[in-house]
Amino acid sequence: MPSPDPKLISGNGNRPLAKAIARRMSMHRGMQIGLVDARVERFNDQEIFVEVFENVRGEDMFIIQSTSNPANDNLMELLIISDALRRSSASRITAVIPYFGYARQDRRTKARTPISAKLVANLIANSGIERVLTMDLHAAQIQGFFDIPVDNLYASPIFALDIMHYFKGGMDDVMVVSPDVGGVARARELAQRIKAPLSIVDKRREKVGEVAEMTVIGDVTGKTCIIVDDICDTAGTLCKAAEVLIGAGATEVHAYITHGVLSGPAVERITNSKLKSLVITDSIPPTEAIKACKNIRIVPTAPMFTQAILNIWNGTSVSSLFDTATLEPIYEPLYPGLDFQ
């Protein structure tokens, strides 16, 4: 007989987050809920093999798997786990993908280039997955690449709580900054949540990965600037933007980034930069270097993902989690004393 609770299973993409979601769900349901017992391993030639040790027939399954580095391995794990569950007669399979890899390849920028995000969407749908739950897609239109339902959560309600908590008493000096023109909508949305003004850093690239020039649009003199973006990879643009803002008269610069890819020299750059702090989520498991970096702080997403999974499972609204006021009681232990009503 199927379980009266949702069933969680995880690959190796983000085990710490998966376990945190299971712990949080145990609190919500008032009973012990763990990850489904399974093994995800590799043969000597690096083929991925999955075996599920529990009966999942008729179960509502949620696969928790970020497709971050190594992106290809984690993506294949997700697809193979889904196939294993489908062949084991699971009633519904939802992929919980906190970080959706390949999202930056959402359009053709040159001739004879792929749209890899669409290809990945096809692979996910054809593997037997019936719904996707993710957070802060690089481009919202990626939802249209899928022919199955996609719930795209936002980190901005969590960031709003964090900013209101850590900058309490100094909110009059806070200014939200978009690191480029393309991110204005995301920055404006956060600025409206915390009732702060908005500024933009206009950047021009001579070639991919190198920023030739940056100009600040707006007066940041005497302001505490908060740069907001969805992805930070090598941190070159972010650190350069912080330097430009300080040069334009900002008193200090902080950054709130949803997905801390932080590859290559990113951590070293952030450590030596003008950034006073960088706040990221745990959508991608942090490396030891990230954990050791004094000016990088990680905020948890497990409370939000847990609530979203429960809402999907019992057929209630997921969009209610877009409101900061809805998340306030969920995150109250982290940010006590705030009132967004």
Side-chain angles (χ1 to χ4, degrees), residues 2-3 5-26 29 33-42 48-103 117 120-137 142-143 145-153 259 282-285 301-302 304-314 318:
S3 166
D5 297 290
K7 288 267 192 172
L8 309 177
I9 189 170
S10 173
N12 297 309
N14 198 335
R15 294 284 295 184
L17 177 57
K19 291 178 180 178
I21 291 172
R23 286 195 300 270
R24 186 82 187 185
M25 191 165 290
S26 298
R29 302 294 296 161
I33 296 178
L35 299 175
V36 167
D37 188 17
R39 63 173 173 146
V40 181
E41 60 183 34
R42 281 156 179 76
I48 296 169
F49 174 75
V50 172
E51 183 177 7
V52 181
F53 295 118
E54 296 182 23
N55 180 24
V56 296
R57 183 179 297 273
E59 300 286 4
D60 196 354
M61 299 298 304
F62 292 82
I63 308 171
I64 304 168
Q65 178 83 338
S66 282
T67 52
S68 52
N69 185 32
N72 298 331
D73 285 0
N74 288 330
L75 176 60
M76 282 304 299
E77 283 188 10
L78 172 64
L79 300 177
I80 294 172
I81 292 171
S82 173
D83 188 69
L85 295 175
R86 179 172 61 87
R87 296 177 188 279
S88 302
S89 301
S91 67
R92 182 175 66 168
I93 304 170
T94 300
V96 181
I97 311 175
Y99 172 69
F100 186 85
Y102 286 98
V120 170
N122 290 343
L123 290 170
I124 288 172
N126 290 330
S127 71
I129 290 168
E130 299 170 53
R131 189 181 201 97
V132 171
L133 174 63
T134 186
M135 182 172 66
D136 271 345
L137 285 170
I142 291 174
Q143 296 173 78
F145 291 173
F146 290 87
D147 293 323
I148 57 176
V150 176
D151 293 304
N152 183 31
L153 301 177
H259 307 297
D282 56 357
S283 64
I284 297 173
T301 57
M304 181 171 65
F305 274 112
T306 302
Q307 191 62 54
I309 289 170
L310 288 170
N311 288 7
I312 291 171
W313 169 70
N314 61 31
V318 174

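Here the side chains of Ile63 and Val96 are not in contact, with every heavy-atom distance at 4.5 Å or above. Residues Pro285 and Ser68 are in side-chain contact: their nearest non-hydrogen atoms beyond the backbone lie under 4.5 Å apart. Side-chain contact between Phe305 and Leu133 is present, with heavy atoms from C-beta onward closer than 4.5 Å. Between Ile312 and Arg92 there is a side-chain heavy-atom pair separated by less than 4.5 Å. The closest side-chain heavy-atom distance from Asp151 to Thr94 is not below 4.5 Å. Here the side chains of Ile80 and Ser82 are not in contact, with every heavy-atom distance at 4.5 Å or above. Considering only heavy atoms from C-beta on, Phe62 stays 4.5 Å or farther from Val36 through its side chain.
Considering every non-hydrogen atom in both Gln143 and Val150, the closest pair reads OE1-O, 3.7 Å. Across every non-hydrogen atom of Glu130 and Ser91, the tightest pair is OE2-O, 3.6 Å.
Residues satisfying the salt bridge (Lys or Arg N to Asp or Glu O under 4.0 Å) test with Asp5, not counting sequence neighbours, are Arg29.
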| task | I would like to know whether Glu77 and Val50 meet side-chain contact (heavy atoms from CB on, under 4.5 Å); could you show each step before the answer? | result | CA-CA 8 Å; Glu77 283 188 10; Val50 172; 5.9 Å; no
| said: Quick one, Ser26 with Ile33, criterion side-chain contact (heavy atoms from CB on, under 4.5 Å). Give me CA distance, side-chain angles, the key distance, then yes/no. | reply: CA-CA 5 Å; Ser26 298; Ile33 296 178; 3.7 Å; yes
| request: Determine, step by step, whether Phe100 and Val120 satisfy the side-chain contact (heavy atoms from CB on, under 4.5 Å) criterion, reporting the C-alpha distance in whole Å, the side-chain angles of both residues, the deciding distance to 0.1 Å, and the verdict. | output: CA-CA 10 Å; Phe100 186 85; Val120 170; 3.8 Å; yes
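For Tyr99 and Asn69, the side-chain atoms include no donor-acceptor pair closer than 3.5 Å.
Between Arg86 and the options Ile129, Ile81, Ile93, a side-chain contact (heavy atoms from CB on, under 4.5 Å) holds for only Ile93.
Residue Asp147 places its CG atom among 12 or fewer non-hydrogen atoms of other residues, nucleotides or ligands, all under 6.0 Å distant.
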